[in-house]
Asks: 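Following this message is one structure expressed as structure tokens.
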Amino acid sequence: MPELPEVETVRTGLSPYMVGQRLMRVEVRRADLRFPFPDNFAQRLSQRTIMNLGRRAKYLLAELDNDDILVMHLGMSGSFRIGGKIAGQFHHDRSRLPAHDHVVFHLENEAIITYNDPRRFGFMQLISRQELPDHKLFRGLGLEPLGNELDGQALARLFEGKAAPLKAALLDQSLIAGLGNIYVCESLHRAGLSPRRSAGTLVRANGAPKDRAGLLAEVIRQVLQEAVKAGGSSLRDHRQADGELGYFQHSFKVYDREGEPCSKRSCDGVIQRIVQSGRSTFFCSKCQR
DNA sequence: AGTTGCACCTGGCTGC
DNA sequence: TGCAGCCAGGTGCAAC
């Protein structure tokens, strides 16, 4: 499910059940997901208390009481479910695909948190707090789009001289970290910018250079904030950790809307689907320039 | 150095 | 109803 808003929604959904709780037992039901689990993974987690559940880009970071950080990435199809005894009540696990339940966390409060991932593009790692910033997973990550750094100037600097299409530049996690296919398409539509325009042209100083970059930075933040507020997007019936469906998918203006009329007032264009670096791009060629 | 294309997986949907 | 083909929210790596 996961771009930044979905991961953030998972974080807030899991936090009340995990933070401050000790891991009594961890079941790991296969040797690997996308990558092998670390050696002695379950043992190293057992009896640790989760001090905080954070997020960087699309990574969930469970900070443990021994200075290790459990790093979790959901890939394309990873999700968490909450079950077990919660607030004195036993909750039945209505899992649809128990075959793909790969990791089960048993917490001191009797909550049972299950990680399910049919495609297994997700992964988990244990990294010490000290080595995390320089770890290969993190050292190359770009700006956190909901942090304080992303504004027109920063974006202009990042994209200056880049020949790559805007679409590709926005998906590049080493520039901005956390956007994926959906929110890039939606942001570009909202900003009225073509996904095919080369990233460098945002900056070229003919007329109002600052404005394009500034506008794009602003709409990215808007779109992400709105999506977080909506609990993310639920595609293919993907659920949030607490079983609720996010509803930002109802706000999509272009994603998966090929052939539909452009929703912008004063635009009579039609949403098109093209393929850029192997992935679908949805946009309106009339109002996105 | 910057891009592109493929690979990693499973499942759901479309169309014959 | 069956089955082939295509598509999917991500990313790392080999190859141009």
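Because the structure is a prediction, the values reported are computed rather than measured.
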Asks: Any idea which of C:dG9, B:dC9, C:dC7 is nearest the A:Arg119 side chain?
Replies: B:dC9
Asks: Would you say A:His73 places a side-chain N or O within less than 4.0 Å of OP1 or OP2 belonging to C:dT11?
Replies: yes
Asks: Assess whether a salt bridge exists between A:Glu258 and A:Arg273, defined as any Lys/Arg side-chain N lying under 4.0 Å from an Asp/Glu carboxylate O.
Replies: no
Asks: For residues A:Asp117 and A:Ser77, is any side-chain donor paired with an opposing acceptor at under 3.5 Å?
Replies: yes
Asks: Tell me whether the side-chain N/O atoms of A:Ser280 come closer than 4.0 Å to OP1 or OP2 in C:dC7.
Replies: no
Asks: Just N and O in the side chain of A:Lys58: are any of them under 4.0 Å from OP1 or OP2 of C:dG9?
Replies: no
Asks: Which residues satisfy the side chain to side chain contact (heavy atoms under 4.5 Å, CB included) test with A:Thr12, sequence neighbours excluded?
Replies: A:Glu8
Asks: What N/O pairs connect the protein and nucleotides 1-5 of chain B at under 3.5 Å? Give each pair on its own line.
Replies:
from  : atom 1 : to       : atom 2 : distance (Å)
B:dT3 : OP1    : A:Ala163 : N      : 3.4
B:dT3 : OP1    : A:Ala164 : N      : 2.8

Asks: Between A:Arg129 and A:Asp68, does any side-chain N to carboxylate O distance fall below 4.0 Å?
Replies: no
Asks: Nearest to the side chain of A:Met76 - C:dT11, C:dG9, C:dG12?
Replies: C:dG9
Asks: Mind calculating the distance between CG (A:Leu171) and C1' (C:dG12) to the nearest angstrom?
Replies: 15 Å
Asks: Distance criterion of 3.5 Å, no angle test: do you see the side chain of A:Arg279 paired donor-to-acceptor with the base of C:dA8?
Replies: no
Asks: Whole-Å distance between B:dT10 P and A:Leu74 CG?
Replies: 18 Å
Asks: Determine the stems involving DNA chain B; a stem requires 3 or more consecutive pairs of the Watson-Crick or G-U wobble kind, each with both distances below 3.5 Å, and the answer is none if no such run exists.
Replies: B:2-8 with C:10-16, B:10-16 with C:2-8
Asks: Nearest to the A:His100 side chain among B:dT10, C:dG9, C:dA8, which nucleotide is it?
Replies: B:dT10
Asks: Expressed in angstrom and rounded to an integer, what is the separation of A:Ile176 atom CD1 from C:dT11 atom P?
Replies: 14 Å
Asks: To the side chain of A:Arg120, which of B:dC9, C:dA8, C:dG10 is closest?
Replies: B:dC9
Asks: Tell me whether A:Phe121 is stacked on the nucleobase of B:dC9, counting only the six-membered base ring and applying the 5.5 Å and 30° thresholds.
Replies: no
Asks: Looking at A:Gly75, is its backbone amide N or carbonyl O close enough to the side chain of A:Arg120 to form a donor-acceptor pair, meaning the two atoms are under 3.5 Å apart?
Replies: no
Asks: In terms of relative ring orientation, are A:Phe282 and A:Tyr255 parallel, tilted or perpendicular, with 30° and 60° separating the classes?
Replies: perpendicular
Asks: Hey, does A:Tyr183 reach any base, or is it just sugar-phosphate, or nothing, if we go heavy atoms under 4.0 Å?
Replies: nothing
Asks: In the hydrophobic clustering that connects Ile, Leu, Val, Met, Phe, Trp and Tyr at side-chain heavy-atom distances below 4.5 Å, which members other than A:Tyr247 occupy its cluster, ordered by chain and number?
Replies: none
Asks: Considering residues at least two apart in sequence or located in another chain, which fulfil the salt bridge (charged side-chain N to carboxylate O under 4.0 Å, His left out) criterion with A:Arg56?
Replies: A:Glu144
Asks: Name the closest nucleotide to the A:Leu235 side chain, picking from C:dG12, C:dG9, C:dA8.
Replies: C:dG9
Asks: Between B:dT10 atom P and A:Asp101 atom CG, what is the distance in whole Å?
Replies: 15 Å
Asks: So, A:Tyr183 versus A:Glu6: side-chain donor-acceptor pair below 3.5 Å or not?
Replies: yes
Asks: Please determine, for the side chain of A:Pro2, which listed nucleotide (B:dT10, C:dA8, C:dG10) has the closest atom?
Replies: C:dG10
Asks: How long is the line joining CD of A:Gln276 and C1' of B:dC6, in whole Å?
Replies: 18 Å
Asks: Roughly how many Å is it from CG in A:Asp117 to P in C:dA8, rounded to a whole number?
Replies: 18 Å
Asks: Between B:dC6 and C:dC6, how far apart are the two P atoms, rounded to whole Å?
Replies: 13 Å
Asks: Please list, in numerical order, the residues of residues 131-147 of chain A that have a heavy atom closer than 4.0 Å to any atom of DNA chain B.
Replies: none
Asks: Between A:Arg221 and A:Asp151, is the closest basic N to carboxylate O distance under 4.0 Å?
Replies: no
Asks: On a whole-Å scale, what distance lies between the P atoms belonging to C:dC3 and B:dC9?
Replies: 24 Å
Asks: Between A:Arg190 and A:Glu226 (salt bridge meaning N to carboxylate O under 4.0 Å), is one present in this structure?
Replies: yes
Asks: Quick one: A:Arg34 CZ to C:dG10 P, roughly how many Å, whole number?
Replies: 12 Å
Asks: State whether A:Glu160 and A:Lys162 are salt-bridged, where the test is any N-O pair (Lys NZ or Arg NE/NH1/NH2 against Asp/Glu carboxylate O) under 4.0 Å.
Replies: no
Asks: For A:Tyr115, which of A:Phe80, A:Phe105, A:Phe123 qualifies under ring-ring contact (aromatic ring centres under 6.0 Å, His included)?
Replies: A:Phe80
Asks: Taking CG from A:Leu33 and P from C:dG12, how many angstroms apart are they, rounded to a whole number?
Replies: 15 Å
